[in-house]
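Quick note on labels: first sequence line is chain A, next is B, and so on, each numbered from 1. Values below: every heavy atom of this structure, side chains too, minus hydrogens, waters and symmetry copies.
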Protein chains: 2
Amino acid sequence: MVEQDDRLSRIFGALADPTRRDMVARLAAGDATVGELAAPYDVSLQAVSKHLKVLEEAGLVRRSRDAQRRPVHLEAEVFDLMTKWIERYQQQAEERYRRLDTVLARMQGQDSPTEISDPAEGAAG
Amino acid sequence: MVEQDDRLSRIFGALADPTRRDMVARLAAGDATVGELAAPYDVSLQAVSKHLKVLEEAGLVRRSRDAQRRPVHLEAEVFDLMTKWIERYQQQAEERYRRLDTVLARMQGQDSPTEISDPAEGAAG
DNA sequence: CGTTTACTCAACCTCATGGTTGAGCAAGAC
DNA sequence: GTCTTGCTCAACCATGAGGTTGAGTAAACG
């Protein structure tokens, strides 16, 4: 993660930590203060504060003010960005798989096998 | 990322790197060898090999054998795991937002404003 | 056989990450 | 004003990630 200036790297990087994912999961149910978020974990409040900074810089949460408290709010919109990235390549891969299936089915119907090492090679490069 | 024994941490961690995300993107179009994958990047082949190991351990790719070549294949199924995780909390957060909207609409219909500092506070805790 | 190709493994370096503790700061409580 | 609460900032430390180079391995080529 040496170069994570881009948005997606920050988002994926933020969610690569189980504690942070758990925080996101809990924040989906409702806003919470830093202290409330920290309670279940066996780490210092400062560590939790750091985690929140990572989530904030990734755009996953927003921190406001309420007296001494800093209520944390989940920004659900970033999920769209991730979903879009994932779905793009998921669909692409699935489509390729379907095409491969068609090719294989066509080959089975032929008489000469023609010695093909790996049908997928043609799509590489 | 001190503790990434769990599946999702490995997957998110693997995709937190722009080079690895690019590899995944290219692999979605078709299988490729390590050399082919390494070609566009300004890093050593060993570095690319390491990246592939990370992707493999996250279950994102599978490496087979073809003579000296090690064709890399994208495992699109893991995307389902990510999508499920994302959608779960995305929907939860959206639902909460809808409920909040309902509450706010109901309050506007009332006569006494009852001094509310931050509507989101009610969902915390 | 030796050479070339296509990689992986091992050692090392540097910097980021996640944790710690101690200090500081803002706002309500007394 | 002083105390307490709820946090952030700063310094430090250990580990891990991503990069390097050099050596080693497996299979095709000569």
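In this structure, B:K53 places its NZ atom 14 Å from C1' of C:dC7, rounding to the nearest Å. Distance CG (A:L15) to C1' (C:dT17): 16 Å, rounded to an integer number of Å. In this entry the distance linking NZ of A:K50 with C1' of D:dG6 reads 18 Å, nearest Å. Atom C1' of nucleotide D:dA17 and atom CZ of B:R20 are separated by 8 Å, given to the nearest angstrom. Regarding A:E56, its CD atom lies at a distance of 14 Å from the P atom of D:dC7, rounded to whole Å. Regarding A:R63, its CZ atom lies at a distance of 17 Å from the P atom of D:dG6, rounded to whole Å. Distance CG (A:L52) to P (D:dC7): 10 Å, rounded to an integer number of Å. Computed from coordinates, the A:D17 CG to D:dT15 C1' distance equals 14 Å when rounded to whole Å.
Inter-residue side-chain proximity for A:V48 and A:V43 is flagged as met; some heavy-atom pair is nearer than 4.5 Å. The side-chain heavy atoms of A:V61 and A:H73, taken from C-beta on, include no pair separated by under 4.5 Å.
A close approach under 4.0 Å does not occur between any side-chain nitrogen or oxygen of B:S44 and OP1 or OP2 of D:dT21. The phosphate of D:dC7 (OP1 or OP2) has a side-chain N or O of A:T33 nearer than 4.0 angstrom. Distances shown here put a side-chain N or O of A:S49 below 4.0 Å from the OP1 or OP2 atom of D:dT8. Contact between the side-chain N/O atoms of A:H51 and the OP1/OP2 oxygens of C:dT17 is not found at any separation under 4.0 Å.
Scanning for side-chain hydrogen bond (donor to acceptor under 3.5 Å, both in side chains) contacts around A:E56 gives A:R63, with sequence neighbours left out. For A:A58, the side-chain contact (heavy atoms from CB on, under 4.5 Å) partners are A:R10, A:I11, A:A14, A:L60, not counting sequence neighbours. Under the salt bridge (charged side-chain N to carboxylate O under 4.0 Å, His left out) criterion, B:E77 pairs with no residue at all, not counting sequence neighbours.
Residues in residues 42-55 of chain A take part in no salt bridge (Lys or Arg N to Asp or Glu O under 4.0 Å) pair, two or more places apart or across chains. Residue pairs meeting the salt bridge (Lys or Arg N to Asp or Glu O under 4.0 Å) criterion with at least one member in residues 81-90 of chain B: none, sequence neighbours excluded.
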Show me the protein contacts with nucleotides 22-26 of chain C, counting only N or O atoms at under 3.5 Å.
| from | atom 1 | to | atom 2 | distance (Å) |
| --- | --- | --- | --- | --- |
| C:dG22 | O6 | A:Q46 | NE2 | 2.7 |

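Comparing C:dG18, C:dC7, C:dT8 by their closest approach to the side chain of A:V54 singles out C:dG18. Among D:dT20, C:dT8, D:dC7, the nucleotide with an atom closest to any side-chain atom of B:L45 is C:dT8.
Heavy-atom nearest nucleotides on DNA chain C were determined for A:A47 and for B:G35, and the one closer to the 5' end corresponds to B:G35.
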